[in-house]
Protein chains: 2
Amino acid sequence: MKLGSHKIISGNARVVRNVNRSVILNIIRDMEPVSRVQIAKLTGLNKSTVSSIVAALVADELIYEEESRHGNVGRNPISLRLKLGKHFVGAVNIDSARTILGIADIDGSFRDTISIATKCDEPERFVANCVTELSRLSDRLRVEHLEGIGVSVAGIVEPGSAKVTIAPNLGWEGFDIGKVLHERCGSDCVIHVDNDSKASALAELWFGKHGRTYSNFVFLSIGRGIGAGIVVEGKLLTGHYHASGEFGHITLFDGGNLCSCGNRGCWEEYASDRATIARYANLKHLNEAASRQISIQDVVDSALAGDEVSREVFAETGRFLGLGIANVIKAIDPEAIIIGGKITQVWHIIHQKMIEVVHQRTLFGKQKDVTIFPTSLPLRPELQGAAALVIKDLFSDYKIIL
Amino acid sequence: MKLGSHKIISGNARVVRNVNRSVILNIIRDMEPVSRVQIAKLTGLNKSTVSSIVAALVADELIYEEESRHGNVGRNPISLRLKLGKHFVGAVNIDSARTILGIADIDGSFRDTISIATKCDEPERFVANCVTELSRLSDRLRVEHLEGIGVSVAGIVEPGSAKVTIAPNLGWEGFDIGKVLHERCGSDCVIHVDNDSKASALAELWFGKHGRTYSNFVFLSIGRGIGAGIVVEGKLLTGHYHASGEFGHITLFDGGNLCSCGNRGCWEEYASDRATIARYANLKHLNEAASRQISIQDVVDSALAGDEVSREVFAETGRFLGLGIANVIKAIDPEAIIIGGKITQVWHIIHQKMIEVVHQRTLFGKQKDVTIFPTSLPLRPELQGAAALVIKDLFSDYKIIL
DNA sequence: TTAATAGTTGGTTGCTTTAACCAACTTATT
DNA sequence: AATAAGTTGGTTAAAGCAACCAACTATTAA
């Protein structure tokens with residue numbers, strides 16, 4: 001155990017209560033509907049303890065009771081469920097082109113979202129404007145109080161101080177986004193800022209189908225670049241400078257294509273959407289002007305329409321993805337790899353080649369079976385992740401670790 | 001928080017006591033000498049609570065009181081210190097050529113060690129023999145009771161079931177080492193088995209100078225191959241199949257040298273001791289028979305004696321190390337990289353080139369300053385790590401995580 | 001067919017236990 | 001006298017425990 005650097009958490013009755021409250025709340029979230037007795041069995045807590053904590057959760061309107069019948073002998077259990085429609089959070093995802101804002105319930109479902117153009121050149125004013133849009137949106141939805149605002153940014157973020165360390169695609173560096181937000185929302189407003197890929201991983205963990213099955217996975221976000229969120233034992237791996245999971249800049253080919261990071265042969269240069277588009281443009285013999293007009297969705301659409309060249313291009317993307325994923329597996333040894341991005345629409349095309357390469361490049365028996373699949377999230381994971389940043393805190397997931 | 005998969009730890013008075021006991025014990029370990037009041041201030045616990053727990057620790061003979069004077073006004077504090085010479089653990093490090101055994105105190109210092117040849121072809125008998133040697137050693141040292149036995153193995157290990165999944169260099173696969181150990185030591189004997197690089201990381205964390213400073217680091221073990229132990233927030237990152245940190249097999253050069261793992265261009269093939277020896281043999285125009293006789297220590301000695309070729313060879317190793325370390329940094333974003341192995345003897349030769357490459361290949365400002373240094377452990381980290389596996393448990397490092 | 005009753009599961013109540021907290025106290029020192 | 005270190009004895013929060021009530025099904029006897 002390391003000391004000194006951070007806070008030392010010692011135990012007392014209140015901490016115990018918080019831990020147990022958190023454990024119970026998360027069980028309800030994870031397995032609803034569930035009865036008190038079931039919870040007692042799962043946690044090892046006494047029935048009476050569970051009852052007492054459940055009563056508090058009902059009073060806080062985080063859960064509610066529901067009649068139920070099981071048909072077996074004995075009294076029917078009272079089902080406990082998450083209460084929706086009571087607590088809301090604001091979520092903002094800032095990407096280079098567009099920024100999406102929304103109001104989400106505590107199950108990660110969105111009441112509504114809007115999309116605005118990102119104004120990178122005036123960060124303070126732009127972020128202030130985001131707050132205005134959010135409050136307008138919540139007014140429209142008759143949500144009079146937000147538990148907090150979560151922001152995911154396409155760049156490296158220091159969540160503690162709520163500063164954007166560096167966001168090359170936005171042109172931001174050392175931008176104190178937390179300060180602007182607090183100025184607009186009041187200093188007591190709960191604000192959480194983090195990197196978009198990390199937020200996506202969190203979204204998968206909290207709201208995804210897979211996050212409930214796996215607690216050790218890597219979320220790969222394929223877009224302009226390649227970002228990753230690493231989840232280990234249900235916790236996000238932040239990295240000491242909040243820059244873990246920069247797999248996009250791991251070298252695949254020494255001396256290969258020049259990357260924006262200054263090095264050559266980075267994974268991004270071969271498997272990102274930009275790389276896919278470039279290969280497509282090249283094979284289609286498009287001139288530079290024309291190729292700049294192409295979006296990844298165009299290539300996807302073309303592939304889905306049956307165009308051989310596009311399919312070829314995506315198969316190649318699959319191969320490159322596989323090369324990088326093999327490295328991820330060797331480094332982290334996750335239980336699963338979850339992929340997000342537009343290219344998941346052509347999963348059936350990239351999948352085969354990707355698996356093949358991963359299988360060939362990984363080491364041992366079990367590890368070769370690492371499951372790789374597209375995200376199950378219906379919405380932009382980056383936005384849901386922004387919501388998760390705050391909701392996670394509402395559920396205050398305390399843990400006791402052995 | 002993820003559920004279902006493992007045990008759900010709920011809180012109660014006993015858990016709180018254990019947490020606080022662990023916190024206090026670790027503070028004493030980390031900062032001795034230290035007084036009760038100091039501990040109370042650090043933890044936020046009440047003085048009386050600290051006193052009560054300290055009394056229990058004294059009764060368990062894990063710590064002792066020592067008179068001290070601070071010269072200031074007021075009563076002098078009573079210094080608390082770890083008590084040595086009372087609790088011992090057995091440690092075994094099994095490597096392809098030789099196996100080292102030792103008896104260690106709870107501060108990780110060894111009473112004595114012995115070295116025997118590893119007999120890979122008869123694993124059961126060999127491990128049984130290790131136990132005999134250990135008990136002979138503890139008899140000689142008049143240690144009548146061992147708190148447990150820790151074993152570090154050059155291969156992938158499943159610590160839960162104490163099985164060696166696969167150890168290519170030993171030729172072991174699916175070997176139930178725990179069973180053999182329990183047969184020889186009794187089923188109630190505490191046994192911990194883990195991978196050698198992971199154990200080394202643990203040794204650095206628990207006994208190294210650096211482990212007290214850093215709680216986010218990667219320990220790179222350079223030997224026949226390259227292994228890694230990843231420490232995140234003071235905890236070892238195991239990986240889902242207990243195979244995290246296989247950076248040695250990350251591809252540096254696509255289509256490069258053939259590696260024993262079946263792939264090409266693995267980091268190991270360029271930066272491991274084997275690779276260094278091969279380059280040395282090549283430059284010295286040695287024939288195959290002669291080059292097989294060379295050990296890394298020979299090359300080290302030659303370099304230390306001022307041989308230009310050897311120095312050249314190590315500088316090149318440094319460059320290759322740098323290439324791989326840059327990848328490690330991008331993946332994990334640690335605060336420090338700690339390197340173990342024979343090559344640390346020529347640190348002054350490899351260091352320069354290594355840093356240069358890392359600096360060139362990593363991404364952003366702060367991250368470029370990741371400190372890289374050789375291990376501070378006086379003994380083989382793998383052996384101290386084996387001891388740490390058990391000692392860690394003695395200190396039962398419970399934590400409450402927010 | 002009905003009504004009494006045994007058995008079973010879910011949940012609550014009131015008392016006990018544990019261990020942290022608190023405030024007043026003793027001890028030792030300048 | 002002032003002050004810091006550590007102890008004591010009582011208080012409090014929360015979990016554990018055991019007995020109980022509640023609600024339901026299955027069985028059986030009139």
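Treat the numbers as computed from the prediction; the structure is a model and nothing was measured. To find a chain, count down the sequence lines: A is the first, B the second, and so on, and within it residues start at 1.
Atom NZ of A:Lys83 sits in a crowded spot, with more than 12 heavy atoms from other residues, nucleotides or ligands closer than 6.0 Å.
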Applying salt bridge (charged side-chain N to carboxylate O under 4.0 Å, His left out), run through A:Glu158 and A:Lys163 and close with a yes or a no.
CA-CA 5 Å; A:Glu158 219 183 283; A:Lys163 274 184 192 155; over 6 Å; no
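To the nearest 0.5 Å, atoms CG (B:Asn216) and CG (B:Asp333) are separated by 8.5 Å. Interatomic distance, CD of B:Gln384 versus CZ of B:Phe110, reported as 6.0 Å (0.5 Å rounding).
When each of A:Ala13 and A:Lys47 is assigned the nucleotide of DNA chain C with its nearest heavy atom, A:Lys47 is the one assigned upstream, toward the 5' end. Mapping B:Asn76 and B:Gly11 onto DNA chain D via the closest heavy atom, the residue that lands nearer the 5' end is B:Asn76.
Rounded to a whole Å, the CZ atom of B:Arg75 is 14 Å from the P atom of C:dT30. The CD1-C1' distance, from B:Ile53 to C:dT18, rounds to 12 Å in whole Å.
A close approach under 4.0 Å does occur between a side-chain nitrogen or oxygen of B:Arg17 and OP1 or OP2 of C:dA20. Checking the phosphate oxygens (OP1, OP2) of C:dC21, a side-chain nitrogen or oxygen of A:Asn12 falls inside 4.0 Å. One finds a side-chain N or O of B:Asn20 lying less than 4.0 angstrom from the OP1 or OP2 phosphate oxygen of C:dA20.
Here the range on DNA chain D touched by chain B, meaning any atom under 4.0 Å from one of its heavy atoms, is D:dT3 to D:dG16.
Residues A:Leu146 and A:Val390 form no side-chain contact, since every pair of their non-hydrogen atoms from C-beta on lies 4.5 Å or further apart. Counting only heavy atoms from C-beta outward, the side chains of B:Val231 and B:Phe219 never approach each other to under 4.5 Å. The shortest distance between side-chain heavy atoms of A:Leu84 and A:Asp107 falls below 4.5 Å. Between B:Glu65 and B:Arg36, some side-chain heavy-atom pair lies under the 4.5 Å cut-off. The shortest side-chain heavy-atom distance between A:Leu45 and A:Ile39 does not fall under the 4.5 Å cut-off.
Under the 4.0 Å criterion applied to side-chain N and carboxylate O atoms, B:Asp194 and B:Lys392 are not assigned as salt-bridge partners.
For B:Ser48, taking side-chain heavy atoms from C-beta onward, the closest of the listed nucleotides C:dA20, C:dC21, C:dG11 is C:dC21.
Listed by residue number, the members of residues 63-70 of chain A with any heavy atom below 4.0 angstrom from DNA chain C form an empty set. Less than 4.0 Å separates DNA chain C from at least one heavy atom of each of the following residues of residues 35-46 of chain A: A:Ser35, A:Arg36, A:Val37.
Note that B:Arg29 lies in the cation-pi zone of B:Phe395, set by a 6.0 Å cut-off to the ring centre and a 45° limit from the axis.
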